[in-house]
Each structure stands twice: as structure tokens, then as C-alpha cells.
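Here's the structure, in C-alpha cells; my notes come after.
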Amino acid sequence: MILIAENVNVMSQTLGLAMKERMAQPIQKMAQAAQASGMDYIDLNIGPAKKTGADMMPWLVETVQQVSDLPLSLDTTNPEAIEAGLALCRKRALINSVSLQPERLENILPLVTRYKAEMIGLLWSTDGMPRDVDERCMLAVDLVYKANETGVPNEDIWIDPIATPISGDIAKIKSCLEFLQMLPEIAPGCKSIVGLSNVSNGTPAPLRPYLNRVFMVMLERVGIYSVIADALDPELQRINRGERTELVELIHQTLDGEDIDLTTLSEEDIKYVKTAKVLSGNTLYSHSWLES
Ligand code: THG
């Protein structure tokens, strides 16, 4: 699975400030750490950046490219910022993300072909977030049609069904997974991508990695192509490299509803079993789901 580092993010307390103050060093340290840990792309997330984006994005692209040769994913809703960044990218870039509002499509789709980039299509329309798997499918078909019309082939479209927090409606997470399973039929050749940490957003920080790792295993099972994830979680990388096959097997058994004898498991393994039960909707989520 392709891993995209989420860490260079304007919401981050330290790096957000570094971006605003144009301090290269903390950002370069993070970019180097992401590359060293085995990530495949670095997401440069500057937020909406309506006023400053067209300055900030090219600065950020240069700053990161000085220390890393990973390809970049440019994450902002500001089209001028996207274009200014694309012009400087040395590797083929990903435009993150293109949602389905007509004016967004009009602004961004031509950039995909002009700069020979790839794009992440977000299943988000004028009506907001799709409610079920059928709405997700309709949005995906619409997105692919419009992208094709502008000359973007399916291979260059990464579709993101949008993962939602576990503290919300579990049905949304289920329909996200169900959609991913259907994607090869709906949009042959398209790639898929999900923001892993979305699912653990708002949960206690020390427990987030369990949710993220188990969710990655669930996504892998439905054939996901790529995730946006924390570059500073080495265990996530080990799982992805196939070095934790017993753990993955345990998670699969839990997801399949097999009876697991917790008395035979380590404390660490029990956390994964409980997390898999929560993420599959088997037990209800609460902030103390690992304790009960
Ligand atoms: N899909 C697509 N793009 C996306 C997302 C997605 N981009 C943004 C986001 N979701 C993925 N990126 C992040 C970045 C940071 C965090 C989560 C997702 C995060 N950060 C910690 C926090 O906020 O608590 C730590 C921040 C810090 O370093 O201080 O959770 O779904 N296409």
C-alpha cells in the first residue's frame, strides 16, 4: 500500500507556526523523518489559505524538496496555491483534493492535465457528504466522467470516499469500506485513498494509533491502494511491510466474528481485538473502549 505522510500540516502546533513564519528547519526535519521512515509521498497541507496560499505553497514545496526527493501531494482548496506549487514540483504531483462542486472542478481539472499531475477526487458535493453507499457510487461515477472529459484518465484519479471519526456514526465507516470494495467495478483503473487518522480524530491521543492501525488492516482487506497516515508510527509501517502477520491474522479473526479467548492474549493484543470490535461496529465506541 502507498503511504502518504500527513505530518506537514498547518493544523500541527509546531509546523503550522513554522509555515506561517517561513521557518524551514522544523519542516525539513519532518520531511526527512517521513522519507527515512519509508513513506512514499509527503502531503503538504496548508488549509484553505485563501490570502497567503499562493506564497506559502511554493515556499513549502521548495523547502521540502531541498531535503527530500519524495513526490508531493498538494493539499489546499486554494487553486492559485495549487498551481504555484505544481509549477515547482520536480516529481509527478498529486492534487489533494478535488471535490465535486462545479466551480472547484472547473478550476482544478485543467491543472491536472496542464501539469501532468494526478488527482485525489473527494466524494463531497454541493449537497455535502454522501449519506450511503449508493450516493458514494453516484458521486464517483460523476467525478470520473467529468475528469475523463477534461482528459484525465482513470489511472490518474485517486478516489477518496472520506473516512469519518469513530466517535460519530459507525454506519458511515461501514459504507466507506463497502464502497471501496465496489470501486473496481464502478470505476475500473481508478486508485483509492483514505485519510487514516480521520477515524481517530477526537479520541484520546495515546489510543489513536490502535484505531489507525486496525483501520489500515480493514482498508487493506477491501483493496485500498493508498492511505494518508502518520509518518511517525513505526508499527504502522511494520504492519504495512508484512512484518506483523500474526497481529493481522488476529485482527482478521476478530473482524470475522470468531470467538477469541482473551485469556491467552497479551495486553497489547487484547487492545487490537477490542479496537477491531469497535471499528467493525460489534461493540459501541466510547472514549474508554479499551478498558471495558
Ligand atoms: N483525505 C484527503 N486529504 C486529507 C484528509 C483526508 N487531508 C487532511 C487529512 N484528511 C489528513 N491529514 C491529517 C493531518 C493531521 C492529522 C490528521 C489528518 C492529525 N494531527 C494530529 C492532531 O490534530 O491531533 C497532530 C497534529 C500535530 O502534529 O500537532 O490528527 O481524509 N484526501
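Every number for a ligand or one of its atoms is a count from 1 in the order of the listing.
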Measure from every N or O atom of ligand 1 to the protein's N or O atoms and keep only the pairs below 3.5 Å, writing each with atom names and distance to 0.1 Å.
residue, atom, partner, partner atom, Å
ligand 1, 1 (N), Asp160, OD2, 2.6
ligand 1, 3 (N), Asn96, OD1, 3.4
ligand 1, 3 (N), Asn96, ND2, 3.1
ligand 1, 7 (N), Asp75, OD2, 2.8
ligand 1, 10 (N), Asn198, OD1, 3.2
ligand 1, 24 (O), Arg208, NH1, 3.3
ligand 1, 29 (O), Gln13, N, 3.4
ligand 1, 30 (O), Arg208, NH1, 3.1
ligand 1, 30 (O), Arg208, NH2, 3.0
ligand 1, 31 (O), Asn198, OD1, 3.4
ligand 1, 31 (O), Asn198, ND2, 2.7
ligand 1, 32 (N), Asn96, OD1, 2.8
ligand 1, 32 (N), Asp160, OD2, 2.9

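You'll find the side chain of Thr150 stays beyond 4.5 Å of the side chain of Val112, heavy atoms only.
The side-chain tip of Arg208 does not point at the ring of Tyr210 from less than 6.0 angstrom away and within 45° of straight on.
The residues Glu235 and Arg238 are annotated as salt-bridged, a charged nitrogen and a carboxylate oxygen being separated by less than 4.0 angstrom. Salt-bridge check for Asp156 with Arg92: passed, with a basic side-chain N closer than 4.0 Å to an acidic carboxylate O.
Between the Asp40 side chain and the Leu3 main chain, a donor and an acceptor come within less than 3.5 Å of each other.
A tilted orientation is assigned to the rings of Tyr285 and Trp289, their planes being inclined by 30° to 60°.
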